[in-house]
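I have a structure here, written as structure tokens, and I will follow up with some questions on it.
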Amino acid sequence: MKTQLRQAIMAALKDCYESGDLTSGELPEEIQLEVPKNAEHGDFATNLAMTLAKPERKAPRQIAELLVKRLQEHALCESVDIAGPGFINFKLAAQCWYAVLDQVMISGDSFGRSDVGQGTKIQVEFVSANPTGPLHIGHGRGAVVGDALAAVLQAAGYDVQREYYVNDAGNQVTTLGRSILLRLRELQGEQIDFPEDGYQAEYVTDVARKFRAEKGELEGVAEAEAIEACARFGVAEILTWIEKDLGEFGIHFDNWYSEKSLYDRSMVDQELAKLKAKGLSFEQDDALWLRTTEFGDDKDRVLIKSDGSYTYFASDVAYHMEKFDRGFDRVIDVWGADHHGYIPRMKAMLAGLGHPPEDLEVLLIQMVNLLRDGVPFTMGKRSGNFITLREVIDEVGRDACRFFFLIRRCDSQLDFDLELAKQQSSDNPVYYVQYAHARVCSINRNAAEAGVTLPETGAVAYQTLTLPEELALARLLARYPETVASAAVNYEPHRVVFYLQELAAQFHSYYNRQRVLVDDVDTSRARLYLVNAVKVVLGNALKLLGVSAPEQM
RNA sequence: GCGCCAGUAGCUCAGCUGGAUAGAGCAACGGACUUCUAAUCCGUAGGCCGAGGGUUCGAAUCCUUCCUGGCGCGCCA
């Protein structure tokens with residue numbers, strides 16, 4: 001709708017210049033159109049006059065009058081008026097807006113899809129929690145935001161892959177192995193002095209118990225070998241928990257990518273060799289460093305430690321280079337905000353290897369402060385005092401939980417009070433939106449009983465719908481595709497959430513003000529058409545967020 | 001000390017990349033169920049957009065200096 005109008009204005013303006021009606025000012029390259037906050041001002045507005053009228057700096061009525069004449073030829077505009085300092089308001093003809101209803105009903109599930117992504121191959125890597133323990137609440141936020149972002153990108157025409165990076169190499173895995181082994185020995189009756197730096201939580205004992213049941217006891221096996229066996233078993237076991245929890249949360253990955261496999265395939269050494277060949281790395285104090293300062297980092301970073309082992313950064317270099325080798329045009333990493341200090345070195349590494357740093361976009365997810373009755377939890381994996389994602393889902397419910405995580409811009413912190421989320425579950429915004437969907441379904445059931453059928457096209461609607469709130473609903477529906485597109489381009493899935501709440505609010509308001517099923521058949525059918533268009537959009541948007549759209553509540 | 005993110009109604013937050021009189025939801029107060037689901041709606045009240053300066057026709061939005069809160073600044077992952 002906006003695009004159509006913009007094109008029409010541009011064409012009209014061009015006409016004006018070519019015919020010599022307009023001489024002052026310059027033809028702008030693009031017209032900015034805004035939706036005025038106050039609907040009385042019109043459906044769209046532009047500060048075009050401002051641009052054109054310089055240096056007079058006043059709204060030229062002449063331009064507006066010429067424009068309206070041209071636009072009326074296209075039957076697009078009902079009126080054009082000049083308002084405020086340099087503003088021209090375009091009030092579109094009502095049928096323009098009601099035409100949207102047909103678009104919605106014909107497109108159905110695909111209404112809202114666009115091609116702004118132009119098939120760009122993009123990877124969203126998210127969660128990627130270490131497989132050393134169950135997912136906790138903080139992972140949940142990253143999981144939902146990443147998943148919804150991927151869905152929004154898909155809807156906007158990007159070619160999207162969802163990936164989970166499994167950190168199955170490195171110290172933390174060895175620590176896990178050692179912890180399991182100690183618990184195993186404990187189960188075998190040994191007195192164990194459990195170390196401070198081990199994983200102390202209860203689940204480690206569960207893994208040990210399972211290991212004992214499946215693999216028996218580790219008699220006469222060398223310490224290092226035993227730890228390795230426990231570690232592998234533990235990682236595999238915990239990954240199944242993670243996958244299951246995410247699955248119940250409605251999240252599925254296209255690919256699980258093993259860090260260990262990078263080493264197994266010598267990928268890390270290969271990439272480090274490339275860096276060396278480019279003269280980007282150097283040796284100092286028995287360690288290998290990457291000269292990231294050359295590309296804007298604060299200090300140089302270690303790739304290989306003086307004891308010969310690799311840093312996490314080393315495998316990340318290989319991992320990210322490999323992503324581009326796999327053909328992705330752009331790569332998004334969803335990280336906890338506490339990792340933000342890590343971004344400069346990643347960008348530096350990309351720049352060093354000849355990739356524009358913009359190809360990597362890091363989405364930082366701010367902390368979730370978990371509360372119960374206003375009292376904050378302190379969380380820490382090692383101490384074992386943490387709330388798992390599963391517990392939260394079981395307590396709050398999947399739909400409410402997902403919606404709650406998405407309701408904010410991801411770069412602001414989120415207070416998550418379990419008791420509040422539970423107690424206020426009926427006041428939760430998610431039910432508000434779902435209820436709107438259920439209400440339309442209910443109307444449909446009543447319509448079927450009364451023999452009122454849904455019109456094939458919106459023709460009836462155009463003639464019958466005259467109320468301002470009906471027009472407002474149509475206009476809001478028209479905004480949905482651009483909402484999704486802007487959410488994708490800006491990597492901000494929360495925009496869809498706010499749109500949904502607005503749509504639900506307008507629908508509820510309309511529902512309370514006007515009956516859909518009335519004595520007059522034409523009116524009933526026209527309104528039925530309208531509310532079913534609302535239902536389609538509610539359903540599409542909820543699906544993007546991974547929240548269910550119930551038929552009844 | 002340096003860096004990143006935030007600061008908008010009593011509380012929790014939007015504000016579409018510079019536009020018109022800054023918006024929702026909770027909480028408060030007053031109303032609406034013999035009518036398609038009251039998990040809803042309507043109304044009232046609530047503001048130095050953290051503070052100062054700058055950029056311009058125009059700033060919550062951009063630049064700058066402070067203040068406050070959170071998080072980072074390892075040969076940890």
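Since the model is a prediction, treat every value here as computed from it, not as a measurement.
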The answer to which of Met553(A) and Glu259(A) contacts RNA chain B further toward the 5' end, by nearest nucleotide, is Met553(A)

Here the distance between atom C1' of U40(B) and atom CD of Glu469(A), to the nearest Å, is 16 Å

- Decide yes or no, distance alone: a donor-acceptor N/O pair under 3.5 angstrom between the base of C16(B) and the side-chain of Ser486(A). no

Whole-angstrom distance between C75(B) and G15(B), as gauged at atom C1':
46 Å

Between Tyr431(A) and A39(B), is there a side-chain N or O to OP1/OP2 distance below 4.0 Å? no

Of the listed C4(B), C41(B), C16(B), the closest approach to the Arg495(A) side chain comes from C16(B)

Picking from C71(B), A77(B), C75(B), the nucleotide nearest the side-chain atoms of Trp289(A) would be C75(B)

Per the glycosidic torsion and the 90° limit around 0, nucleotide U37(B) is anti

Atom P, compared across U17(B) and G1(B): separation rounded to whole Å = 37 Å

Checklist entry - So what does Ser412(A) touch, heavy atoms closer than 4.0 Å: a base, only the sugar-phosphate, or nothing? => result sugar-phosphate

- prompt: Is Glu449(A) paired with Arg445(A) through a side-chain N to carboxylate O contact shorter than 4.0 Å?
  reply: no

Classify Ala438(A) by what it touches in the nucleic acid, base, sugar-phosphate, or nothing, heavy-atom distance under 4.0 Å. base

>> Work out how far the C1' atom of G50(B) is from that of U68(B), and round it to whole angstrom.
In response: 8 Å

By nearest-nucleotide position on RNA chain B, the 5'-leaning member of Ile407(A) and Tyr312(A) is Ile407(A)

Can you classify the ring geometry of Trp289(A) versus Phe282(A) as parallel (below 30°), tilted (30 to 60°) or perpendicular (above 60°)? parallel

For G52(B) versus C57(B), give the span between their C1' atoms, rounded off to a whole number of Å. 24 Å

(message) Just to be sure I understand the rule, does Arg409(A) reach a base, reach only the sugar-phosphate, or reach nothing, if contact means heavy atoms closer than 4.0 Å?
(response) sugar-phosphate

So what does Asp285(A) touch, heavy atoms closer than 4.0 Å: a base, only the sugar-phosphate, or nothing? base

Asp338(A) has its side chain closest, among C5(B), C71(B), A77(B), to C71(B)

Open item on the list: Using a 4.0 Å heavy-atom cut-off, does Gln514(A) contact any base of the nucleic acid, only the sugar-phosphate backbone, or nothing at all?
Closed with: base

Partner of U61(B) under the Watson-Crick or G-U wobble criteria, both distances under 3.5 Å, comes out as none

Testing C75(B), C71(B), C41(B) for proximity to the side chain of Tyr432(A), the answer is C41(B)

message = Under 4.0 Å, counting only non-hydrogen atoms across every strand here, what does Gln501(A) touch: a base, just sugar-phosphate, or nothing?
response = nothing

Trp335(A) atom CH2 is separated from C5(B) atom P, nearest whole Å, by 15 Å

Tell me which donor-acceptor pairs under 3.5 Å the side chains of residues 527-542 of chain A have, and how far apart each pair is, sequence neighbours excluded?
from: Arg527(A); atom 1: NE; to: Glu470(A); atom 2: OE2; distance (Å): 3.0
from: Arg527(A); atom 1: NE; to: Tyr510(A); atom 2: OH; distance (Å): 3.4
from: Arg527(A); atom 1: NH1; to: Arg515(A); atom 2: O; distance (Å): 2.7
from: Tyr529(A); atom 1: OH; to: Asp102(A); atom 2: OD1; distance (Å): 2.5
from: Tyr529(A); atom 1: OH; to: Gly458(A); atom 2: N; distance (Å): 3.4
from: Asn532(A); atom 1: OD1; to: Asn444(A); atom 2: ND2; distance (Å): 2.8
from: Asn532(A); atom 1: ND2; to: Asn444(A); atom 2: OD1; distance (Å): 2.9
from: Asn532(A); atom 1: ND2; to: Leu528(A); atom 2: O; distance (Å): 2.8
from: Asn540(A); atom 1: ND2; to: Gly108(A); atom 2: O; distance (Å): 3.0
from: Asn540(A); atom 1: ND2; to: Asp109(A); atom 2: O; distance (Å): 3.4
from: Asn540(A); atom 1: ND2; to: Phe111(A); atom 2: O; distance (Å): 3.0

Whole-Å distance, Asp415(A) CG to G69(B) P, equals 17 Å

Among C16(B), C41(B), A39(B), the one nearest any side-chain atom of Ser509(A) is C41(B)

| request: Would you mind classifying the nucleic acid contact of Phe498(A) as base, sugar-phosphate or nothing, using non-hydrogen atoms under 4.0 angstrom? | output: sugar-phosphate

Classify His340(A) by what it touches in the nucleic acid, base, sugar-phosphate, or nothing, heavy-atom distance under 4.0 Å. base

Rounded C1' spacing from C13(B) to G53(B) in Å: 29 Å

- Look at Asn171(A) and A77(B) and indicate whether a side-chain polar atom (N or O) is within less than 4.0 Å of OP1 or OP2. yes

Using the P atom as the reference point in each nucleotide, state the distance between C62(B) and C16(B) in Å, no decimals.
10 Å

Item to complete: In plain terms, say whether Glu358(A) and Arg330(A) are close enough for a salt bridge, that is, a side-chain N and a carboxylate O under 4.0 Å apart.
Response: no

Winner on side-chain proximity to Val302(A), out of C75(B), U37(B), C71(B), is C75(B)

Paired to C33(B) by Watson-Crick or G-U wobble criteria (both distances under 3.5 Å) is none

Discussion item. Taking the basic N atoms (NZ, or NE/NH1/NH2) and the acidic carboxylate oxygens, is any pair closer than 4.0 Å for Arg409(A) and Asp411(A)?
Written reply: yes

Phe282(A) CZ to C75(B) C1', in whole Å, measures 12 Å

Checklist entry - Think His494(A) has a side-chain N or O under 4.0 angstrom from the OP1 or OP2 of G15(B)? => result yes

The Watson-Crick or G-U wobble partner of C11(B), with both key distances under 3.5 Å, is G25(B)

So for His339(A) and G72(B), does any side-chain atom that can act as donor or acceptor lie under 3.5 Å from a complementary atom in the base?
no

At less than 4.0 Å, is any side-chain N or O atom of Arg439(A) found next to OP1 or OP2 of A39(B)? Yes or no. no

Which of C73(B), A14(B), C76(B) is nearest the side chain of Lys299(A)? It is C73(B)

Charged N to carboxylate O under 4.0 angstrom, Arg479(A) versus Glu502(A)? yes

_Distance, C1' atom - from G7(B) to U12(B), rounded to whole angstrom_ = 14 Å

Between Thr311(A) and Ala314(A), is there a donor-acceptor pair closer than 3.5 Å when you use the side chain of the first and the backbone of the second?
-> yes

Closest of G70(B), G3(B), C41(B) to the Gln366(A) side chain is G70(B)

Closest to the side chain of Asn490(A), out of U40(B), U37(B), U17(B), is U17(B)

In Watson-Crick or G-U wobble terms, with both distances under 3.5 Å, the base opposite C49(B) is none

Glycosidic torsion of C73(B) (syn if within 90° of 0, anti otherwise) classifies it as anti

- Task: Could you give the distance separating U8(B) and A60(B) at their P atoms, to the nearest angstrom?
- Result: 15 Å

Of the candidates A6(B), A14(B), C76(B), the side chain of Arg408(A) sits closest to A14(B)

In whole angstroms, the gap separating P of C13(B) from CG of Asn428(A) amounts to 15 Å

Could you check whether any side-chain N or O of Thr175(A) sits under 3.5 Å from a backbone N or O of Gly198(A), counting only pairs where one atom can act as donor and the other as acceptor? no

Tell me, with the steps shown, if Asp415(A) and Arg408(A) meet salt bridge (Lys or Arg N to Asp or Glu O under 4.0 Å). CA-CA 11 Å; Asp415(A) 286 336; Arg408(A) 294 250 176 110; over 6 Å; no

Between OH of Tyr342(A) and P of A77(B) the distance, given in whole Å, is 9 Å

Using Watson-Crick geometry (N1-N3 plus N6-O4 or O6-N4) or G-U wobble (N1-O2, O6-N3), each under 3.5 Å, A77(B) is paired with none

